[in-house]
Amino acid sequence: MTVRTRYAPSPTGVPHLGNLRTALFDYLLARHSGGQLILRIEDTDQARYDPGAVEGLLQSLRWLGIDWDEGPDIGGPYGPYVQSQRLEHYRAAAGRLLAQGDAYECWCSAERLDAVRAEQARNKQPPKYDRRCRDDAGRASARAEAEAEGRSCVVRFKTPLAGEISLADAIHGETAFDLATIDDFVMLKSDGFPTYHLAYIVDDEMMRITHVLRGDEWLPSAPRHALIYRALGITPPIIAHVPRVLGPDGAKLSKRHGATSVFEYRDQGYLPDAVFNFLGLMGWSLDDHTEILSRQQFIEHFTLDRIVRNPAIFNVEKLTWMNGVYIRDMPEEQLVALFADRLERDLRPEVARPLDRALVARLAPLIRERVKLLAEVAAYCDFFFIDDLRYSRDDLLGKAYAGRAEEARAALEAVALLVAETAWAHDALEAALRELAGRLAVKPGDLFSLVRVAVTGRRVTPPLFESMEIVGRERCLARLRAAAKALA
RNA sequence: GGCGCCAUCGUCUAGAGGCCCAGGACGCCGCCCUUUCAAGGCGGAGAUCGCGGGUUCGAAUCCCGCUGGCGCUACCA
């Protein structure tokens with residue numbers, strides 16, 4: 001039997017990292033076993049429906065490099081893959097359940113339901129539907145009221161009043177639930193749309209899904225699902241309730257923890273490979289030491305039994321570290337393209353575009369091991385592109401030359417003289433400046449710092465002499481003289 | 001209130017009775033390298049394996065209880 005997994009998000013907002021992690025697991029499981037990943041849109045909540053969300057969902061998956069075999073955009077043999085287009089199937093299933101006596105119509109008003117729950121809460125009772133419509137008499141009177149008010153009904157499952165139902169979970173094992181604690185839950189809403197419980201079961205069955213991965217917040221509803229499977233005569237798929245991804249304070253990941261959408265990470269310059277790797281390790285591990293895994297390795301090794309049970313707290317610092325690893329390990333050519341694109345976006349507007357790729361290619365090796373986020377690139381190398389450097393007098397003088405502007409000015413003049421005549425190679429430049437430092441009786445590092453700011457406008461830069469070599473003699477000279485002049 | 005899930009360094013995790021007075025990674029601290037910053041190398045601090053009982057010659061690993069955190073308890077998913 002081929003494995004068929006599905007990722008079935010609700011289009012209710014921006015794609016969330018936690019959800020994406022589940023999608024990643026679905027993808028990995030499918031690819032590991034040579035099966036298929038199905039994408040299905042669960043838009044059964046008309047109130048929360050966000051029309052732009054589907055496109056965002058698709059984009060975020062594509063960005064992460066997760067591809068699917070059937071879905072709303074590409075179709076497939078079991079379509080449509082959007083639940084709002086499959087209402088007839090849910091109605092048919094509900095009809096069957098009704099006919100079998102496993103469900104009943106409930107005509108109670110929302111107001112009555114609220115009142116019942118409020119009363120239960122006052123009495124410290126578990127809030128549950130009081131089953132007024134479960135028997136014919138109650139239903140008839142409720143129906144009369146409803147029809148007088150022009151309301152329609154919902155369809156509820158007729159949960160057995162007593163007994164137990166047990167269910168198997170691929171991660172949590174077997175759990176038994178007391179049926180007495182389970183409500184007569186709604187399967188079909190009054191607007192004709194199904195609830196999640198009915199819809200996913202009908203679809204998974206029709207779409208031949210073999211493995212269901214979902215957040216473990218669904219675990220408490222699983223016995224309801226077991227009831228539906230049984231009543232419909234469906235053999236349940238393998239179900240795995242995966243632990244969730246939480247914010248740093250242990251609460252549900254939300255905007256106040258910083259970025260929750262993949263797009264924000266993408267825009268900051270996190271690489272899809274790094275995010276993929278990082279997410280793949282949230283709740284799953286290969287062994288006791290492997291941190292960096294390629295997509296292929298993930299696919300090769302991913303199995304359900306190595307998913308942990310406890311929730312994972314999202315740790316951006318580790319993601320950032322990992323991103324740095326990916327930047328350092330990336331093929332040169334690819335990195336240059338990435339840097340160039342990013343620079344074209346981040347550099348001051350007066351810098352002419354497109355950028356000189358050959359120049360980017362020269363500077364890339366100088367900064368690649370310093371950059372953890374693409375967003376940092378410009379700060380490391382903007383001086384290669386900009387001549388109008390902006391720095392303060394204090395920055396220029398630094399600690400070493402603080403209060404000794406005249407000495408600094410003289411030193412810069414001397415450097416300029418050397419720079420004008422030294423062979424244009426970083427090692428020659430370094431040798432010359434070291435020698436000058438000796439003559440000036442200053443520490444080489446102090447002199448270099450002065451020159452660094454004069455030439456780059458920054459106190460933190462790639463290696464100075466390699467940078468100067470790339471900036472070029474004339475531009476270096478101009479910058480040194482400008483700095484000296486500023487100190488005069 | 002009811003039901004359920006979870007519980008190893010701050011964080012991600014390894015661990016499926018002896019290999020563990022608990023290993024790796026991020027982060028943190030120190031040293032080395034060094035023109036700044038990184039990267040890299042070396043070293044360190046950091047978990048009485050939530051607590052209490054069992055079972056066992058022996059428990060992070062099995063059982064029970066407790067505590068804590070979280071989730072569900074909607075005509076949301």
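Below, chain A is the first sequence line, B the second, and so on; all start at residue 1. Nothing here was measured: the structure is a model prediction, and the numbers come from that model.
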> Is the CZ atom of A:Arg475 crowded by more than 12 outside heavy atoms at less than 6.0 Å?
Replying inline: yes

Report yes if a donor N or O on one partner sits less than 3.5 Å from an acceptor N or O on the other, where the partners are the side chain of [X] and the base of [N]; otherwise report no.
{"X": "A:Glu291", "N": "B:rG24", "value": "yes"}
{"X": "A:Arg370", "N": "B:rC37", "value": "yes"}
{"X": "A:Arg452", "N": "B:rU35", "value": "yes"}
{"X": "A:Thr181", "N": "B:rC3", "value": "no"}

Does any nucleotide pair with [N] by Watson-Crick or G-U wobble geometry, both distances under 3.5 Å, and what is it?
{"N": "B:rC62", "result": "B:rG54"}
{"N": "B:rU36", "result": "none"}
{"N": "B:rA45", "result": "none"}
{"N": "B:rA14", "result": "none"}
{"N": "B:rC21", "result": "none"}
{"N": "B:rG69", "result": "B:rC5"}

Nucleotide nearest [X] (side chain, heavy atoms from C-beta), chosen from [options]:
{"X": "A:Pro126", "options": "B:rA25, B:rU11, B:rG2", "result": "B:rG2"}
{"X": "A:Arg309", "options": "B:rC6, B:rA38, B:rA77", "result": "B:rC6"}
{"X": "A:Glu369", "options": "B:rA77, B:rA39, B:rU35", "result": "B:rA39"}
{"X": "A:Pro127", "options": "B:rG15, B:rU73, B:rA77", "result": "B:rU73"}
{"X": "A:Tyr380", "options": "B:rU73, B:rC5, B:rC37", "result": "B:rC37"}
{"X": "A:Asp288", "options": "B:rG23, B:rC5, B:rA77", "result": "B:rG23"}
{"X": "A:Arg117", "options": "B:rA39, B:rA74, B:rA77", "result": "B:rA74"}

>> Below 30° counts as parallel, above 60° as perpendicular, anything between as tilted: where do the rings of A:Trp284 and A:Phe298 land?
In response: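 Judged by the thresholds at 30° and 60°, the geometry between A:Trp284 and A:Phe298 is tilted.
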
Does [X] make a side-chain N or O approach to OP1 or OP2 of [N] shorter than 4.0 Å?
{"X": "A:Arg306", "N": "B:rG15", "result": "yes"}
{"X": "A:Lys372", "N": "B:rA39", "result": "yes"}
{"X": "A:Thr44", "N": "B:rA77", "result": "yes"}
{"X": "A:Lys189", "N": "B:rA77", "result": "yes"}
{"X": "A:Thr195", "N": "B:rC75", "result": "no"}

>> Could you check whether A:Ser10 and A:Tyr49, counting side-chain N and O atoms only, form a donor-acceptor pair closer than 3.5 Å?
In response: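 No - no donor-acceptor pair under 3.5 Å links their side chains.
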
>> Before you tell me yes or no, could you show the steps for A:His225 and A:His197 under side chain to side chain donor-acceptor pair (under 3.5 Å), namely the whole-Å CA-CA distance, both residues' side-chain angles and the distance that decides it to 0.1 Å?
In response: CA-CA 6 Å; A:His225 306 153; A:His197 311 300; 2.8 Å; yes

What's [X] touching, base or sugar-phosphate or nothing? Going by heavy atoms closer than 4.0 Å.
{"X": "A:Val154", "result": "base"}
{"X": "A:Phe177", "result": "sugar-phosphate"}
{"X": "A:Val308", "result": "sugar-phosphate"}
{"X": "A:Ser285", "result": "sugar-phosphate"}

> Of A:Pro243 and A:Leu246, whose closest RNA chain B nucleotide lies nearer the 5' terminus?
Replying inline: A:Pro243

